[in-house]
Every structure is written in structure tokens, then in C-alpha cells.
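Notes to accompany the following structure.
In each ligand, atom 1 is the first atom listed, and ligand 1 is the first ligand listed. Nothing fancy with the numbering, it's 1 onward along the sequence.
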Amino acid sequence: MKNQILAIANQKGGVGKTTTAINLASVLGLIPLRCLVVDVDPQGNATTGLGHVVAGEGGTFRMATGIEEPQQVITKTREAGVDLVSACSFLERLAEQGEASGIRALRSCLEQVETYYDLILLDCPPSAGGLTRMALAVADGVLIPTQSEPYALEGVQGILQVISNVQRDHKPELRVAGTVLTMFEPEQPFAWEMASHLRHRYGLKVWDTVIPRDSVVAKAAALGRSVIKTEPCSRAALSYIELAREILDHE
Ligand SMILES: Nc1ncnc2c1ncn2[C@@H]1O[C@H](COP(=O)(O)OP(=O)(O)OP(=O)(O)O)[C@@H](O)[C@H]1O
Ligand SMILES: [Mg+2]
């Protein structure tokens with residue numbers, strides 16, 4: 001996973017993309033690896049979740065439109081080793097300005113800063129639209145968080161289609177860096193079937209570590225911190241630590 005740009009994407013909303021981006025970055029930052037989270041979602045949840053205010057134009061928009069240099073829009077966070085490029089609703093405009101130029105701009109920005117980081121995580125919006133396609137086109141791999149519900153399969157299917165379109169149009173070498181089951185509730189009817197569906201129907205790698213549903217996630221989000229920093233011994237924190245270890249061992 002080191003020296004990579006990893007997009008965290010699923011066109012379905014509320015599946016744990018942002019929570020995974022923040023907490024993976026937080027664990028890796030403690031190793032210590034140098035991580036950059038680039039918020040590519042106009043909702044700006046990774047921005048607030050890392051303790052920053054969603055305001056102005058946001059760093060991702062400013063750097064991708066050349067208003068500021070990438071180095072100038074990167075901010076530190078309270079998480080050790082984790083830096084952030086913030087987002088806000090202005091980002092929608094980036095997608096409207098044309099995909100090819102957006103991709104070129106974003107790629108060039110990341111190229112300028114990637115030597116400073118071991119890993120760059122792109123937190124994508126819940127859509128198959130322009131911003132997600134841009135993020136995928138500049139990434140080396142895609143991590144797909146998903147819940148274990150029958151309807152969630154459609155979201156995974158949707159993002160796989162987007163990935164295959166981006167491979168065709170922009171980046172043949174883009175790869176799927178696996179799926180991670182989030183908000184896992186073992187007693188739910190479809191909980192255990194999901195992994196085998198993803199493996200056998202879609203040929204996907206499913207990380208063995210699942211992220212349990214844990215109320216500490218909402219508590220941490222309200223504080224603008226990771227669960228690792230808020231409650232390091234919580235089930236959610238321990239599972240993100242385990243997930244990071246598993247991904248580091250295999251990627
Ligand atoms: N493991 C978990 N346990 C309990 N709640 C969780 C967990 N992971 C995420 N949540 C909650 O679920 C909601 C959605 O999570 P999150 O924002 O990470 O998803 P997302 O896929 O980034 O959403 P969006 O598509 O809107 O960007 C949030 O309220 C978050 O606090
Ligand atoms: Mg999100």
C-alpha cells in the first residue's frame with residue numbers, strides 16, 4: 001500500500017467511505033507513515049472529520065484550479081502524521097469544468113506532493129459522477145467500503161462499472177484494492193453472505209477484517225477526530241488497526 005494513491009469509493013452513500021479514509025490514515029500516521037487525505041467530496045465530511053471547518057473554496061478546488069499551489073493548501077490535522085486537503089461545495093464546479101482538464105490538474109497537483117507522503121487517500125463522494133471519475137483516474141487503486149446488505153451489492157456493482165469505464169477512458173492500470181465490510185452486524189441476515197457474494201459473483205478481494213457497527217464512530221465524528229484518537233481501545237478503533245495491518249501486509 002505504500003507509495004500509492006488510493007481512492008476510497010462507492011457510489012452508494014453512507015457506507016463508511018469517509019470513516020475508513022480518516023481512520024486508516026490515522027492508524028498509518030501512527031506507524032508512522034506520512035499520509036495525506038484529499039477530500040474530493042463537496043460534502044466535506046473528511047474535512048470536518050479531521051477537525052477542520054468546511055469554508056471558502058476548500059483546498060482541493062483551489063489547487064485543482066490553480067488558485068494556489070498544492071503545498072499551500074495542505075494543512076496539518078490533529079492526527080499524527082496525517083495532512084489534509086480540504087473540500088467544500090465549490091468542488092462541484094470542478095466537475096463542471098470538464099473531466100479531462102480536471103484529471104490533468106489533479107494529477108499534476110498530486111505529483112507535486114507525492115514524494116512527501118507514503119500514502120495519499122482520496123475520499124470520494126457518493127456518486128458515479130465527474131468527481132469520482134476524476135479521483136479514480138488519478139489513483140493507483142480503489143478501496144471499496146460496503147455494508148453487508150442485499151441493496152449494497154448494487155452500489156458495489158455500480159462502482160465496479162465506473163472503475164471499468166475509467167480504466168477504458170483514462171487509466172488501464174487502475175486496480176481494485178479490495179472491499180471492506182463496514183458497520184458489520186453479525187446477527188443481520190445477509191451479514192455473512194455478503195463476503196462470499198463479493199468474492200464469487202464479482203471476483204473481488206474482501207479483506208478478512210470487518211469493521212463492526214460501533215457508536216464511537218459518531219462520537220469521534222462529532223469531535224472532529226478519528227476513533228483511534230478518541231477511543232483507541234474501542235471495537236471500531238481496533239478493527240481499523242487490524243485492517244491497516246492486513247492491507248499493509250498484502251498490498
Ligand atoms: N463502523 C461504524 N459504526 C457505526 N457508525 C458508523 C460506522 N461507520 C460509519 N458510521 C456512520 O455512518 C454514517 C456514514 O458514514 P460515512 O460518512 O463514513 O460514510 P460515507 O460512505 O463516507 O458517506 P457519504 O456517501 O455521505 O460520503 C456516519 O454517520 C458515520 O458516523
Ligand atoms: Mg463520505
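If you look at Asp41 next to ligand 1, the close heavy atoms, those under 4.0 Å, all belong to the side chain. Using a 4.0 Å cut-off between heavy atoms, Pro212 contacts ligand 1 through its backbone alone, with no side-chain atom that close.
Atom 19 (O) of ligand 1 has its closest protein heavy atom at Gly16 N, 2.9 Å. Gly14 N, 3.1 Å is the protein heavy atom nearest to atom 23 (O) of ligand 1. Thr18 CB, 4.0 Å is the protein heavy atom nearest to atom 17 (O) of ligand 1. Of all protein heavy atoms, the one lying nearest to atom 25 (O) of ligand 1 is Lys17 NZ, 2.7 Å. Distance from atom 4 (C) of ligand 1 to its nearest protein heavy atom, with residue and atom name: Asp214 O, 3.2 Å. Residue, atom and distance of the protein heavy atom nearest to atom 6 (C) of ligand 1 are Val217 CG1, 3.5 Å. The closest protein non-hydrogen atom to atom 27 (O) of ligand 1 is Gln43 NE2, 3.3 Å. Protein heavy atom at the shortest distance from atom 16 (P) of ligand 1 is Thr19 OG1, 3.6 Å.
No donor-acceptor distance shorter than 3.5 angstrom exists from the side chain of Arg78 to the backbone of Arg225, with no hydrogens or angles considered. Formation of a donor-acceptor pair under 3.5 Å by the His170 side chain with backbone atoms of Val166 is not found in this model.
Under the 4.5 Å side-chain criterion, counting only non-hydrogen atoms from C-beta, Pro145 is in contact with Ile8. With contacts defined as side-chain heavy-atom distances shorter than 4.5 Å, the pair His52/Asp39 does not qualify.
Heavy atoms of Thr182 come nearer than 4.0 angstrom to ligand 1 in no pair at all.
A salt bridge links Asp169 and Arg133; the closest N-O separation between the charged side-chain nitrogens and carboxylate oxygens is under 4.0 Å. Under the 4.0 Å criterion applied to side-chain N and carboxylate O atoms, Arg93 and Glu96 are not assigned as salt-bridge partners.
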For this session: Just do the side chain to side chain contact (heavy atoms under 4.5 Å, CB included) check on Thr19 and Thr182 with the steps written out, would you?
Result: CA-CA 9 Å; Thr19 305; Thr182 56; over 6 Å; no
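For ligand 1, none of its N or O atoms has an N or O atom of Asp123 under 3.5 Å away.
The Mg ion (ligand 2) has no N, O or S atom of Asn45 inside 2.8 Å of it.
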